[in-house]
Asker: 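Input: one structure, supplied below.
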2 protein chains.
Amino acid sequence: MGRTQLERKADTRERLVRAAAELFGSLGFHSVSTDAVAARADRTSGAVYAHFGSKQGLLLAVLEEWRSETAADAEVELDAATDLDARTEALWRTLSSRTGERGDAWLMLEMELWLHAARQPELRQLLAERYDEIRHEMAHAFEEWAATAGSSLASPPDEMSTLVLALLLGLGLQRRMEPESVSDELAGRGIRSLLGLGAG
Amino acid sequence: MGRTQLERKADTRERLVRAAAELFGSLGFHSVSTDAVAARADRTSGAVYAHFGSKQGLLLAVLEEWRSETAADAEVELDAATDLDARTEALWRTLSSRTGERGDAWLMLEMELWLHAARQPELRQLLAERYDEIRHEMAHAFEEWAATAGSSLASPPDEMSTLVLALLLGLGLQRRMEPESVSDELAGRGIRSLLGLGAG
DNA sequence: GTCTATACGACGATAGAC
DNA sequence: GTCTATCGTCGTATAGAC
């Protein structure tokens, strides 16, 4: 069939990205060779260069993949939550403490990307846009929450989302070092007090 | 003199740690070779292994050095601030947006350490203790603030310091990618609303 | 696009003299 | 403790056949 080679190409690309996400996240970008990624994807390192040009190109592809996944996950989680407590908890769960098949590789990969971006302007631009998107989505959600709660937000929604995103990231960092220091309940309380929608 | 060799030893150690802090912070741990560190310290790589055993041992020494420095800096800054606005601002400045000679290498080195610690239990323990210390110091300060303000804290001080530390870290991360997204004023407002001591 | 094979460089770490 | 010299290894990336 004429489309077999296209399918195979897409398949290889997907395999490589998946393998890279798993290995980079669990072992770290620098500790993982292109050979290792290719091997896990049942390919050879040549395929990495044919598809992504470099090891860093592969890292970027992983980022793009996770961005869309995360957005989708967040939307599902948040739509399912009805009251404020459930919403804040869902937010915390989605952005900072994912468990399950991917483990907590999420935050580690995020930090890995942040570090690279901190030193490379092109990457920095890309990550900045990523944060912008996340903040926008959150800001939109906050406005809805306030509306359904009958109250109004104390500050501009985009400022609020900056603060909330910061809180989520920072709690994730601490939680990874010392899980007991950050309970789900504490996270929820923190978010609510930033929003000014808490119990007071 | 009998102490010359001891002095020289201490001097070499200090040179190596300083050089490592500068290079690791600006270029990243993985991008910097032990030879490069040693060269900047006017020594050779053998000295690194004689003093620290490994490249990672050197990283740990850098961490210890910065921990004490940061604590001292924070104390000075906070003692100089009198009202709540000045205090929250000093907090933000000390922990997340240091500029000057060290540039913003601080946060990058911190994240570098975090990433290593996330994968190594011994290091994780050490970093957890570091966070604990920071939180304790902040918690102590918060109690004083509340006392002088005549009000009381809404939550236990150690929970508050967890939230505030999270906010500071998270804002630092975003600020590095997109400085305009995090104003000093916003940071101060965020801290105050977590503390429940804000304007409202 | 994918493979094998390999060039080429760099790195961490050690040995041994001083 | 510090130096010079060096070993062995591993990594990224490329060349060229298929």
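Worth knowing before you read on, the calculation uses all heavy atoms, side chains too, and leaves out hydrogens, waters and symmetry mates. Only a predicted model underlies this, so the values are computations on that prediction, with no experimental measurement involved. Below, chain A is the first sequence line, B the second, and so on; all start at residue 1.
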Asker: C:dC3, OP1 or OP2 - any side-chain N/O from A:Thr44 closer than 4.0 Å?
Answerer: yes
Asker: Just distance, no hydrogens or angles: give the donor-acceptor pairs under 3.5 Å from side chains in residues 153-166 of chain B, sequence neighbours left out.
Answerer:
from, atom 1, to, atom 2, distance (Å)
B:Ser155, OG, A:Arg189, NH1, 3.1
B:Glu159, OE1, A:Arg189, NH1, 3.1
B:Glu159, OE1, A:Arg189, NH2, 2.7
B:Ser161, OG, B:Arg135, O, 3.2
B:Ser161, OG, B:Pro157, O, 3.3
B:Ser161, OG, B:Asp158, O, 3.0
B:Thr162, OG1, B:Asp158, O, 2.9

Asker: B:Phe29 ring centre to B:Lys55 NZ or CZ under 6.0 Å, with the angle to the axis within 45°?
Answerer: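 Here B:Lys55 passes the 6.0 Å and 45° test against B:Phe29.
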Asker: Base, backbone or nothing for each nucleotide of nucleotides 10-16 of chain D, written B, S, -, heavy atoms under 4.0 angstrom, 5' to 3'?
Answerer: -SBBB--
Asker: Treating Ile, Leu, Val, Met, Phe, Trp and Tyr as nodes and any side-chain heavy-atom pair under 4.5 angstrom as an edge, say whether A:Leu113 and B:Leu27 lie in one connected cluster.
Answerer: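 Same cluster: A:Leu113 reaches B:Leu27 through Ile, Leu, Val, Met, Phe, Trp or Tyr contacts under 4.5 Å.
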Asker: Would you say B:Gln174 and B:Glu178 are linked by a side-chain donor-acceptor pair, where the criterion is simply a distance under 3.5 Å?
Answerer: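 No - no donor-acceptor pair under 3.5 Å links their side chains.
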Asker: Using the side-chain contact (heavy atoms from CB on, under 4.5 Å) criterion, which residues pair with B:His30? Sequence neighbours excluded.
Answerer: A:His30, B:Glu112, B:His116
